[in-house]
Amino acid sequence: MNYKLFFPMLCFFLIASAQGISQSPAFGILDINNVEARIYAKGNHFWDLQEFPHYEVPKGSGKHTIFSNAFWIGGEDSTGQRYVSAQRYSNTSSQEYTFGPLSVDGSLYTDYQTIDSYIAVWEVTRQQIEQHKVWAQDTASMPGYSIPPDILSWPAHGDVSKNQSFYLAPFVDESSSGFYEPHKGDYPLIRGDQAIFFIFNDAGVPNNESEGTPLGVEVHGMAYAFNAPQCDAFNHTVFMNYKIHNRSNRTYHDTYLGLFTDFDIGDPYDDYLQVDVARGSMFAFNGNPVDGYGEPGHYGANPPAQSITVLGGPYMDPDGLDNPDGQCDESINGLNFGNGIVDDERLGMTRALGFKLKSNIAPIEPPPGFKEARYYNRLRGKWVDSSDVMYGGEGHSNWGAYGPACRFMFPGDSDTCNWGTGG
């Protein structure tokens, strides 16, 4: 009963290259704690883009809990036209995203020079930044200091001659000039103790997996982790922050964001899924007390579980209210409810569903020419045939489901007020 994870988040869509960038690898390794995770510039993470996983836990063990993770987005414009970008496994015949920023004038302009410049990630540690700050305050105290390459080449600014945004990667402007000037003490603004920054967009290549129309979004990603061996949770957690910029000249409605995750707990053929609605999490765990059958990549006895959790999703549509906490609604796992501030509420996990490995993204294929419908329906928490996920069995009437319709597959007893089934 091997399942793959996909949990979508209904969202209010946020509207929101550098010249002379040195070439860096197209991926980085986040490894400051007890996880070693590969982060790719195009946003398709945790594997080698060929056949092997790269989310190793514990670090150095040769055992992995995730095979792949990717960002999905879909919405409709004022005419009802649908737009979808949804990557599962990136290869030459299956691509939805490419490297770098877009123009900000709605032309969605990108070019090979920009793409080549952003086939890169920028990896910076807190320790490097602290050393850089000390050097900037007293250069004589650190003779022979050389600014780390990724601080020096931090992609803070786009190419305005190509109508790219002047500000891209976040930085601290110690020089108060409005420009990123590391020689004058400016430095990257990162999260965590080690961070990897990357930029990708959905308009530079045809969407040949979903066959959907690109939205024209530019995504700024930052993967990060903390060096906190005294805290078991932080020592085994990788964080991901996405900032999504709509660079098109369209306003989208019914827009959904989602994370496709292919869990593999060692041996991938004995994994189960469960949802923790209150915590905004879906997690995979081994279906047997012993994982696998003794291969080096299998965990054996006492295998771990792996969670994907939405800590703070997109902002909700403004309604002029400080929506209360503790209701049978998005406040169950959302953020900033009942805090005295108007319209700062953020969604958590609003849908969660899996699909069988043996039948991929089925149970029912869309008609020819409507392939993007299956991806958009998944984002909406529905099956390919537009039917709701149903309670019981395995979520669809073809697989023994009997109803009612539900938002979350396999919630156990975590949805105490039955939000997922309408109360």
Side-chain angles (χ1 to χ4, degrees), residues 1-9 30-39 45-47 53-59 61 63-72 191-192 221-226 228-229 231-242 257-268 270-289 291 299 302-313 330 332-335 346-355 357 378 381 395 406-416 419-420:
M1 190 183 291
N2 184 272
Y3 276 87
K4 303 305 175 191
L5 161 72
F6 185 79
F7 60 85
M9 301 175 286
L30 203 63
D31 60 356
I32 202 165
N33 58 18
N34 204 29
V35 179
E36 183 173 299
R38 183 173 291 197
I39 306 298
H45 308 303
F46 306 154
W47 65 309
H54 206 121
Y55 193 93
E56 187 181 45
V57 190
K59 179 173 62 180
S61 67
K63 306 178 193 303
H64 304 261
T65 56
I66 302 178
F67 182 84
S68 178
N69 173 273
F71 172 77
W72 286 23
R191 298 165 180 254
M222 184 176 291
Y224 60 101
F226 292 88
C231 176
D232 196 53
F234 276 112
N235 200 38
H236 292 89
T237 300
V238 166
F239 295 86
M240 187 74 71
N241 177 264
Y242 286 118
L257 305 180
L259 295 172
F260 168 86
T261 301
D262 181 349
F263 285 118
D264 283 354
I265 310 294
D267 176 13
D270 56 3
D271 298 346
Y272 283 3
L273 291 181
Q274 190 165 327
V275 174
D276 189 323
V277 176
R279 290 184 172 89
S281 299
M282 178 175 263
F283 60 95
F285 59 98
N286 216 66
N288 305 308
D291 173 55
Y299 281 97
N302 303 311
Q306 175 69 58
S307 171
I308 299 286
T309 301
V310 181
L311 294 177
E330 288 81 2
I332 288 175
N333 56 40
L335 194 65
R346 297 174 65 176
L347 294 169
M349 179 182 68
T350 63
R351 305 285 194 280
L353 57 158
F355 54 88
L357 179 66
R378 298 293 295 187
C406 57
R407 291 171 174 257
F408 307 99
M409 291 185 71
F410 314 127
D413 58 1
S414 68
D415 187 5
T416 54
W419 176 45

Main-chain N/O of D267 paired with D291 side-chain donor or acceptor, under 3.5 Å: yes
Candidate pair Y242 and F71, rule ring-ring contact (aromatic ring centres under 6.0 Å, His included), full reasoning: CA-CA 9 Å; Y242 286 118; F71 172 77; 5.3 Å; yes
Would you give the length of the straight line joining atom [atom1] of [X] to atom [atom2] of [Y], rounded to the nearest 0.5 angstrom?
X: I308; Y: F260; atom1: CD1; atom2: CZ; answer: 11.5 Å
X: L257; Y: L347; atom1: CG; atom2: CG; answer: 9.0 Å
X: N288; Y: I265; atom1: CG; atom2: CD1; answer: 13.0 Å
X: F285; Y: D270; atom1: CZ; atom2: CG; answer: 11.0 Å
X: R407; Y: M349; atom1: CZ; atom2: CE; answer: 10.5 Å
X: T237; Y: L311; atom1: OG1; atom2: CG; answer: 9.0 Å

Tell me the closest heavy-atom pair linking [X] and [Y], and the distance in Å.
X: V277; Y: S414; answer: N-OG, 2.9 Å
X: F46; Y: A37; answer: CE2-CB, 3.9 Å
X: F410; Y: Q274; answer: O-CG, 3.1 Å
X: G312; Y: R346; answer: O-NH2, 2.9 Å
X: V57; Y: T65; answer: CG2-OG1, 4.0 Å
X: F226; Y: G192; answer: CE2-CA, 3.4 Å

side-chain hydrogen bond (donor to acceptor under 3.5 Å, both in side chains) partners for N69, two or more places apart: T261
Full working for ring-ring contact (aromatic ring centres under 6.0 Å, His included) between F283 and F263: CA-CA 9 Å; F283 60 95; F263 285 118; 8.8 Å; no
Given side chains that start at C-beta, do those of [X] and [Y] come closer than 4.5 Å, heavy atoms only?
X: E36; Y: H54; answer: yes
X: N33; Y: H236; answer: no
X: V35; Y: K59; answer: no
X: M240; Y: I39; answer: yes
X: T309; Y: R279; answer: no
X: L273; Y: M409; answer: no
X: S61; Y: E56; answer: yes
X: D271; Y: N286; answer: yes

Parallel, tilted or perpendicular: rings of F234 and F239 (30°, 60°): tilted
Derivation and outcome, ring-ring contact (aromatic ring centres under 6.0 Å, His included), residues Y55 and W47: CA-CA 7 Å; Y55 193 93; W47 65 309; over 10 Å; no
